[in-house]
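In what follows, a structure is listed as structure tokens, so that the remarks can point back to it.
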Amino acid sequence: MNKRHFLKLAGAGFAVVPAVSIAALGTSNSANQNDISHLNNLSYLNNITGSAKPITAEERKARIEKAQSLMKAQDIAAILIEPGAAMDYFSGIQWWRSERLTALIIPQKGEMAVVTPFFEKPSVLESLAIGDDVRVWQEHESPFEVVASILKSRGISNGNIGFESSVRYFVVTGVSRALPNMTIVPAEPVTLGCRMYKTSSELALMHKANEVTLRAYEFVFNNLKLGMSQQDVKALMNKAQQKLGGSSAWCLALFNEASAYPHGTNATQVIREGSVILLDSGCSVHGYQSDISRTLVFGKASQKVQDVWHTVREGQNVAFAAAKISEPAGNVDDAVRQYYASKGYSKDYELPGLSHRTGHGIGMEGHESVNFVRGENTPLRKGMCFSNEPGIYLPGEFGVRLEDCLYMTQTGPAYFTEPPESLDKPLGKLVTLIT
């Protein structure tokens, strides 16, 4: 790519931010190549998330009712949820895990309840979006006895109680001792049975998060410079996402040989003429995530890089076409590997080739079940969301990853962001959400 025509962003659907001249930057002397202070003027980037609507109490109530319906079908009397995405999903409580138990209890019948240390109750109430039964325990008391009292107040003293696999051992054993007549079972049929299928309001928040990330890429692409380090670009991307209204912004910046490792190396890399630049980034809007990867070249791309880039881009097309309603999610990964094998790469997870799954579930967490991975038999249904990222990695040389997230409609997949056209137009564009 000619640096004088480094970005051709007209197809992005965004107003192009003021760009630093890549040609001029290329002539910078070594004394100022690492000085990027003048690139950090984000004053013309504005918060675009003002119209995003957080999840309402009414929707959380509907989630609990759905969970209770699934609990009845699964013969689960109650579930206990520790702090994390599932707790936030049902209750709005945004908390952390410590040695002091805070937990959400959802019975098959009746109102949900929260157990938390006495001195934490006021803070827990700050984010509690639904319900008012918050029960406390003092430092010298057992929180598990409080859990037992909550369940007994709902008429539950035996039967099955569900825990997600991430619940800590001391919590499971503590509840087991306090409720010896109850049987521990997995809660995922309930929690994933709700969270895996996004509603229109959830999709709208994910769409906005993807818009934030794509606009931040536009800003960063216009401000890349010879000599910039991975940390420079990472910081710039995170600042741009935050300025645009994204929270919990993150970025993985991989240059040159480091791009051949999906999650990078500790080796220092800087942008040089002809550098392969792989960026993987995302943020959150009202708790819902984005995840977009782009690979571009600073200057002129070799024929080999161009060939691999276009193979990966076609891999995204293959994955998208294979994502069919009612078909197993694993079929998507199988289709990509079959295509890559036709191009001379491994049909398995070996290198050079695609060493990771084709995509992962996404929602309130960056990685959720289920995945586009071999052997995954869960059928694709409306509301499921995935990343589509069939990268190719050549150890010792470079790697290419293009990643756009999609959601399943009644008839098949739809993108939040459309993949880029070419190395000359490396951004892609936001796609109107199907409602």
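Since this is a predicted model, take the numbers as computed values, not measurements. The first residue in the sequence is number 1, and the count goes up from there.
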We want to know whether [X] and [Y] form a side-chain donor-acceptor pair, criterion being a heavy-atom distance below 3.5 angstrom.
X      : Y      : answer
Glu120 : Thr102 : no
Glu188 : Ser165 : yes
Asn210 : Thr213 : no
Thr191 : Glu164 : yes

Test side-chain hydrogen bond (donor to acceptor under 3.5 Å, both in side chains), reference Glu365, set His360, Arg195, Gln289, output is Arg195
Would you please test Tyr349 and Val373 for side-chain contact (heavy atoms from CB on, under 4.5 Å) and show each step?
-> CA-CA 10 Å; Tyr349 292 80; Val373 66; 3.5 Å; yes
Check [Y] with [X], please: is the shortest side-chain N to carboxylate O separation under 4.0 Å?
X      : Y      : answer
Arg215 : Glu218 : no
Lys347 : Asp334 : no
Glu139 : Arg100 : yes
Glu368 : Lys198 : yes

Is there a donor-acceptor pair under 3.5 Å between the side chain of [X] and the backbone N or O of [Y]?
X      : Y      : answer
Gln316 : Pro419 : no
Trp95  : Met87  : no
Asp232 : Ser229 : yes
Arg374 : Asp333 : no
Ser127 : Gln94  : yes
Arg97  : Pro83  : yes
His207 : Val431 : yes
Arg381 : Met196 : no
Arg401 : Leu278 : no
Thr311 : Asp307 : yes

Does [X] have more than 12 heavy atoms from other residues, nucleotides or ligands lying within 6.0 Å of its [atom1]?
X      : atom1 : answer
Glu314 : CD    : yes
Lys66  : NZ    : yes
Arg177 : CZ    : no
Phe170 : CZ    : yes

Could you grab the distance from atom [atom1] of [X] to atom [atom2] of [Y], nearest 0.5 Å is fine?
X      : Y      : atom1 : atom2 : answer
Ile392 : Ser346 : CD1   : OG    : 11.0 Å
Lys53  : Ser201 : NZ    : OG    : 10.5 Å
Asp280 : Cys251 : CG    : SG    : 7.5 Å
Tyr288 : Met206 : OH    : CE    : 9.0 Å
Ser157 : Leu151 : OG    : CG    : 9.0 Å
Gln338 : Lys343 : CD    : NZ    : 13.0 Å

Side-chain contact, heavy-atom cut-off 4.5 Å: [X] with [Y]?
X      : Y      : value
Leu128 : Ser91  : yes
Gln68  : Val190 : no
Glu111 : Arg154 : yes
Glu397 : Val308 : no
Ser153 : Arg135 : yes
Ile55  : Glu202 : yes
Tyr261 : Leu254 : no
Phe144 : Val115 : no

Taking all atoms of both residues into account, what is the closest heavy-atom pair of [X] and [Y], and its distance?
X      : Y      : result
Gly92  : Arg60  : N-NH1, 3.5 Å
Ala319 : Val336 : CB-CG2, 3.7 Å
Thr411 : Ile325 : C-CG1, 4.1 Å
Ala148 : Leu179 : CB-CD2, 3.8 Å
Ser326 : Pro379 : O-CB, 3.7 Å
Gly359 : Glu389 : CA-CG, 4.3 Å

Applying the side-chain contact (heavy atoms from CB on, under 4.5 Å) test to Met228, which of Val220, Val233, Asn223 qualifies?
-> Val233
Quick one: list whatever passes side-chain hydrogen bond (donor to acceptor under 3.5 Å, both in side chains) with Lys109, sequence neighbours left out.
-> none
Should Glu376 and Thr378 be marked as a side-chain hydrogen bond (donor to acceptor under 3.5 Å, both in side chains) after you check the CA-CA gap, both sets of side-chain angles, and the distance that decides it?
-> CA-CA 6 Å; Glu376 177 56 71; Thr378 302; 2.6 Å; yes
Distance under 6.0 Å and angle within 45° of the ring axis: does Arg63 meet both against Tyr89?
-> yes
Pairs satisfying ring pair (Phe, Tyr, Trp, His ring centres under 6.0 Å), at least one member in residues 375-404, at least two apart | His356-Tyr393, Phe372-Phe386
Would you please name every residue forming a side chain to side chain contact (heavy atoms under 4.5 Å, CB included) with Ala209, sequence neighbours left out?
-> Cys283, Val285, Ser290
Stepwise side-chain contact (heavy atoms from CB on, under 4.5 Å) check, Asn388 with Leu402 = CA-CA 8 Å; Asn388 178 1; Leu402 302 172; over 6 Å; no
Check the angle between the aromatic planes of Phe320 and Tyr415 and answer parallel, tilted or perpendicular using the 30° and 60° thresholds.
-> parallel
In sequence, state the C-alpha distance, the side-chain angles, and the governing distance for Lys234 and Met237, and then conclude on side-chain contact (heavy atoms from CB on, under 4.5 Å).
-> CA-CA 5 Å; Lys234 175 180 176 180; Met237 186 68 187; 5.9 Å; no
Asn331/Lys324 under side-chain contact (heavy atoms from CB on, under 4.5 Å): CA gap, chis, key distance, verdict = CA-CA 9 Å; Asn331 285 6; Lys324 298 178 180 179; over 6 Å; no
